[in-house]
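Below is one structure, written out as structure tokens, with a few remarks after it.
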Amino acid sequence: VDASGTRVFELTAQEGSTELLPGTTTTTWGYNGSHLGPTLRAERGERVTAEVTNHLGEMTTVHWHGMHLPARMDGGPHQPISPGETWRPTWEVDQPAATLWYHPHPHGETERHVYLGLAGMFLIDDPEAAPALPSEYGVDDVPVIVQDKQFSQDGQFSRESVQEPGILGDTVLANGTFGAFHEVTTELVRLRVLNGSTARTYAFGFDDDREFQLVGSDGGLLAAPLPLTRIRLSPGERAEIVVALDPGEDTVLKSYPPELGDVASELAFGGEDTIEVLQLRAAEELQDSEPVPVELAEIEPLAEEEATVTREFTLASRLINGRSMDVDRVDEVVEVGSTEIWEVSTDDPLMHNFHVHDVQFQVLDIDGEAPPPELRGLKDTVYLEPGRRYRLIMRFEDYADPSAAYMYHCHLLRHEDEGLMGQFVVV
Ligand code: C2O
Ligand code: CU
């Protein structure tokens with residue numbers, strides 16, 4: 001925190017090398033280190049400034065995924081950072097406590113930059129609305145960035161995938177570690193799980209099918225904890241879960257074959273893979289944890305009647321509404337202060353999801369039915385089961401700027417790079 005009370009983060013994007021597999025050195029990219037980036041953390045109401053320096057040999061950007069902020073600070077394709085330069089965005093944190101993240105967004109190169117290792121968590125705290133959840137960072141409140149990698153013969157990250165959705169690696173890393181484990185010392189552990197993969201969708205659960213409580217989605221805590229045994233996360237989505245352990249026991253967080261809906265072939269989309277992600281090893285004695293509160297957050301439902309505009313977005317192959325991304329074209333103009341409904345669907349039997357910058361939306365309904373309980377919180381990214389119509393409601397509160405665009409796109413990064421993206425301005 002500097003003299004004016006602003007919280008300052010310094011990030012330097014750089015290349016390094018990491019031993020990810022025993023005896024093998026892999027070229028990786030990271031912020032302030034050789035792989036991934038530090039967890040950034042700020043409070044609601046705080047002003048933050050990031051000083052992002054590019055020590056890579058090529059242009060990159062840093063996008064604050066899930067953050068409500070002015071479009072000029074958003075870090076999309078229009079805020080390039082040339083090699084050797086520093087970009088200094090600043091904004092006021094004005095949203096509920098949440099698990100957000102940051103990653104590059106250079107148009108056409110996002111998959112490669114993220115895949116090489118540029119990604120980190122950005123946690124928002126709200127001291128005035130903090131239910132008694134496990135919250136000791138690294139002890140009982142643990143970030144889990146899940147990414148799949150494919151290694152070439154010589155131990156480098158390979159992007160030569162013939163699969164349609166992009167890279168489906170056979171090695172899954174948690175926080176950049178293969179075969180990761182966490183020593184649990186408390187009765188309850190909160191895992192902030194981020195699907196930071198470029199293409200793979202996971203269905204997380206424990207190997208003994210134990211129940212866990214889903215307490216948060218992309219944009220913050222749920223109204224109430226939701227007991228589940230599986231949670232599906234497509235690329236970019238987050239879930240905060242709380243799991244209970246008994247003294248001395250082990251359990252493994254795994255990914256099971258996810259329900260992908262009506263896609264062409266589950267096999268081709270990674271829908272049949274079971275993968276170990278993170279082992280939890282409980283100590284012989286565990287410290288007491290407070291039980292998960294029955295009420296977590298107040299979520300003000302956005303009412304359909306408030307919406308003044310409805311827009312339709314149909315994703316097909318690499319096009320949205322028949323068009324490919326053009327950085328010089330503004331696709332949608334949104335009036336500041338308005339509430340809108342975005343009807344999103346995909347008609348081809350391919351895997352897509354949908355991410356909107358700047359806002360957290362609520363899922364009004366899917367094919368006219370109420371969304372499943374895990375989709376009733378705040379979301380910025382949602383998986384699209386082929387053939388179904390997702391009605392998303394969102395409010396564009398402030399930050400009018402006709403000269404700077406926000407993005408919406410599929411978060412399967414190869415799809416995004418290949419044009420499955422559009423731009424909107426708030427005026
Ligand atoms: Cu996480 Cu536009 O992206
Ligand atoms: Cu897609």
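Atoms within a ligand are numbered from 1 in the order they appear, just like the ligands themselves.
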[X] and [Y] ion-paired at < 4.0 Å:
{"X": "D207", "Y": "K254", "answer": "no"}
{"X": "R318", "Y": "D348", "answer": "no"}
{"X": "D125", "Y": "R44", "answer": "no"}

Handout entry: Angle subtended at atom 2 (Cu) of ligand 1 by H409 NE2 and H357 NE2, rounded to 10 degrees
Key =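 Approximately 110° at the metal, rounded to tens of degrees.
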Practice task
Flag the pair E418 / M325 as yes when at least one side-chain heavy-atom distance between them is below 4.5 Å, and no otherwise.
Solution key: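 No; the side chains remain at least 4.5 Å from each other.
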Exercise for the section: Verify the distance test for H411 against atom 1 (Cu) of ligand 1: any N/O/S atom under 2.8 Å, yes or no. Expected result: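 Coordinating: yes.
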Handout entry: 2.8 Å cut-off met by an N, O or S atom of H105 to atom 2 (Cu) of ligand 1
Key =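 Yes - counting backbone and side chain alike, H105 has an N, O or S atom under 2.8 Å.
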Exercise for the section: Answer yes or no for H355: is there an N/O/S atom below the 2.8 Å cut-off from atom 2 (Cu) of ligand 1? Expected result: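 No.
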Problem - Ring center gap for H415 and H409 short of 6.0 angstrom - result: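 Judged by ring-centre distance (under 6.0 Å), H415 and H409 do not meet the cut-off.
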Practice task
Identify, by name, the N, O or S atom of H352 lying closest to the Cu ion (ligand 2).
Solution key: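 For H352, the N/O/S atom sitting closest to the Cu ion (ligand 2) is ND1.
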Practice task
Would you tell me whether Q423 and H78 have side-chain atoms, one donor and one acceptor, within less than 3.5 Å of each other?
Solution key: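 Their side chains do contain a donor-acceptor pair, which is all the 3.5 Å distance test asks for.
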Practice task
Take the Cu ion (ligand 2) as the vertex and measure to ND1 of H415 and SG of C410; round to 10°.
Solution key: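 Roughly 130°, rounded to 10°.
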Exercise for the section: Taking atom 1 (Cu) of ligand 1 as the reference point, name the nearest N/O/S atom of H65. Expected result: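 Nearest to atom 1 (Cu) of ligand 1 within H65's N, O and S set: ND1.
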